[in-house]
Amino acid sequence: MVDNYQSMFPKVIFSAITAPMLFVLIMTVQMFQGEISEYHLGMTILIAILFTVIISFEISHYKFWTKNMSLANLLLSGGMVLLIAAIQAFSPTIDSIFYIVPIAAYAVLLNYLVHERFAMVSSVLMAIMGSFVFALFDSVSYFMNAFLYFLMSQWFAIFLYDFIKDRVSLFKTSIPLIVLHFSMVSVFQVRSFSDLLSIDFMMAIVFSVLSTFVSAVLILGLLPLFEAGFNLLTESKLLTLSNPNHSLLKKILVDAPGTYHHSVMVANLSESACEAIGANGLLARVAAYYHDIGKSFQPKYFIENQQNMKNPHDDLEPEVSADIILRHPYEGARVLREYGLPQEIIEITLEHHGTTLLKYFYFQAKEQNQEVDESRFRYKGPTPQSKESAVINICDSVEAAVRSKSNPTSEEIRNVVRAIIHDRLLDGQLDESQLTLKELRVIEETICDLLNGIFHSRIEYPDENDSKAVKEG
């Protein structure tokens, strides 16, 4: 635990201390302006220290916390604190000005760029800091109103904007947030019927509505910038990469049509299996589209592209054939890096065969030489490091195996799927994938159900030449 924390320390410094430091700086300025006392500044410093500790411990929970996540948190938290301070500074006499703060954008962007849990925790801290800046320790009720407004706005936004597909859907899902803001403003501002017609109430309503739309604009504007700048993997980016018009997908379709069809089938199987166990189905689908891009450089050496042609491996030594086949995950990963695809997809491409044995050519070589080295016919790996990668590893082999059978029955399909999963387990391919035995059973059932739907029984119509002509009535 100590070693883990020490390795995380630089990231903690950048991610945990930025917003609290700015918070202290802003309150220090307020003290010199005579708006708060030294006692209040001391409280601010203690709160900032507490916030730093909380964020530090929160970051330490994430095994795969990255530099990009640190930078995203630094920019978002620091930017939001500065924006809150600027709004307060330019309109210090307007009591309802805090309603205009687009704080929902902060939580939503953190949810997309870092993690939902981190966004929820950070939302509480940002709500407290924002409330202190606007309340300036003067009124407990004013502080509580601002805190509840900021907190509920962020948490509700995280729930609402869980999936951003396009601009239209974003603004449509903003309507419930406007309703929430209207309800909270009414509770905070209305004490009697006459308050409904007051200027303060009208301004608060306008500010809260503007806050929602400004948040939506910030989300739309900043998310693509973060995605491009940090090469982050988000749902909107995955949807973009799934477009069949992407140049790499076109390359597979044109150069290796059999591989393209295979990849689409693997994508369907993988997405369903991942969703069944609570993994990222969209990531699995998109990664499956690209996982065999390496085959497009020498497509004729892969069986799915050998329609109406002689198998070129018949004229090659097993070692040479193995070299060609074993290269394709790593050539694919190289191309994906050149095109700037997300690291998660590159990793799945590298891992989709793990360190499995190329059995056909291995046994072929063994017939010629009993002393042949087995490692010579194994992929270099690594083995699958995530559930999505492991599912694609299984589905890739299942699709190829089932496709090789003519009209397979349900029992044959189940035997193939079970045998491949069992083989992967015994070979240690799933040891680092985080999959449980229960999840493997769910994966098996899901794949079998889908394949049974694809290879369902069909009525065999009689051949026209072998059947009697039907008289017309």
Side-chain angles (χ1 to χ4, degrees), residues 112 162-166 169 223 227 231-253 256-296 304 328-329 332-333 335-336 339-354 384-403 417 420-421 424 430 433-435 439-440 442-455:
Y112 268 76
D162 185 55
F163 182 70
I164 300 173
K165 186 168 68 173
D166 51 40
S169 64
L223 190 57
E227 288 178 356
N231 197 23
L232 297 174
L233 187 65
T234 60
E235 289 179 340
S236 58
K237 188 163 190 175
L238 285 171
L239 288 171
T240 301
L241 291 173
S242 68
N243 190 327
N245 290 319
H246 192 284
S247 56
L248 286 179
L249 295 183
K250 279 187 172 181
K251 176 177 174 59
I252 304 174
L253 178 60
T259 296
Y260 182 86
H261 180 263
H262 162 73
S263 298
V264 171
M265 292 294 293
V266 172
N268 292 333
L269 294 172
S270 301
E271 182 180 39
S272 298
C274 282
E275 289 180 348
I277 62 172
N280 191 333
L282 182 58
L283 171 59
R285 168 173 285 278
V286 177
Y289 286 152
Y290 292 90
H291 80 288
D292 271 340
I293 180 67
K295 291 182 178 180
S296 63
E304 66 265 25
H328 83 270
V335 173
L336 296 180
Y339 277 76
L341 265 72
Q343 184 62 28
E344 291 87 345
I345 294 178
I346 295 172
E347 289 172 355
I348 289 175
T349 300
L350 286 169
E351 298 165 5
H352 80 271
H353 281 295
Q385 302 294 303
S386 65
K387 293 183 179 182
E388 294 81 7
S389 184
V391 168
I392 291 175
N393 179 290
I394 294 169
C395 292
D396 184 53
S397 297
V398 165
E399 196 282 330
V402 174
R403 179 166 35 85
V417 175
I420 288 174
I421 293 176
R424 293 292 187 271
L430 307 179
S433 67
Q434 305 169 41
L435 285 175
E439 287 172 333
L440 285 172
V442 173
I443 290 169
E444 177 188 322
E445 292 295 331
T446 304
I447 293 174
C448 288
D449 289 344
L450 197 56
L451 288 175
N452 284 328
I454 295 171
F455 295 98

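These numbers come from the heavy atoms of this one structure, side chains and all, not from hydrogens, waters or symmetry mates.
Under the 4.5 Å side-chain criterion, counting only non-hydrogen atoms from C-beta, L241 is not in contact with L248. Contact annotation: the side chain of R424 approaches that of S397 to within less than 4.5 Å [non-hydrogen atoms, C-beta and beyond]. For the pair E347 and S389, the minimum side-chain heavy-atom distance is 4.5 Å or more. Between V398 and L451 the shortest side-chain heavy-atom distance falls below 4.5 Å. At least one side-chain heavy atom of E304 sits under 4.5 Å from a side-chain heavy atom of R403. Counting heavy atoms from C-beta outward, I348 and N393 have side chains that stay 4.5 Å or more apart. At a threshold of 4.5 Å between non-hydrogen side-chain atoms, the residues S263 and H291 count as touching. For the pair T446/I277, no side-chain contact is recorded, criterion being any heavy-atom separation below 4.5 Å from C-beta on.
For residues 263-280, every residue pair satisfying the salt bridge (Lys or Arg N to Asp or Glu O under 4.0 Å) rule, not counting sequence neighbours, is listed here: E271-R285.
Between the CG atom in L430 and the NZ atom in K387 there is a gap of 12.5 Å [rounded to 0.5 Å]. In this structure, CD1 in I420 is found 9.0 Å from CD1 in I394, a value given to the nearest 0.5 Å. Between the NZ atom in K251 and the CG atom in L253 there is a gap of 12.0 Å [rounded to 0.5 Å]. Going from atom CG of L223 over to atom NZ of K237 covers 10.5 Å, rounded to the nearest 0.5 Å. The distance from atom OH of Y260 to atom NZ of K250, rounded to the nearest 0.5 Å, is 10.5 Å. Taking CE from M265 and CD1 from I454, the interatomic distance works out to 3.5 Å, rounded to the nearest 0.5 Å.
Of the possible polar contacts, none joining the S270 side chain to the A267 backbone as a donor-acceptor pair under 3.5 Å is found. The closest donor-acceptor contact from the side chain of E351 to the backbone of Q385 lies under 3.5 Å. Under the 3.5 Å distance criterion, the side-chain polar atoms of D396 are left unmatched by any main-chain donor or acceptor of I392.
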Exercise. Apply side chain to side chain contact (heavy atoms under 4.5 Å, CB included) to the pair I252 and D292, showing each step before the final yes or no.
Key: CA-CA 8 Å; I252 304 174; D292 271 340; over 6 Å; no
Quiz item: Which is it for Q434 and E439 under the side chain to side chain contact (heavy atoms under 4.5 Å, CB included) test, yes or no, and what are the steps along the way?
Solution: CA-CA 10 Å; Q434 305 169 41; E439 287 172 333; over 6 Å; no
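Inspection of the H262 and E399 side chains reveals an N or O donor paired with an N or O acceptor under 3.5 Å.
Residues A284 and C274 approach most closely at CB-SG, 3.5 Å, considering heavy atoms. The shortest non-hydrogen separation linking S242 to L249 is O-CD1, 4.2 Å. Nearest approach of A273 to I447, heavy atoms of both residues: CB-CG1, 4.4 Å. The nearest pair of heavy atoms linking P384 to G354 is CD-CA, 4.2 Å.
Taking the six-membered ring for Trp and thresholds of 30 and 60 degrees, H246 and Y339 have ring planes inclined between 30 and 60 degrees apart.
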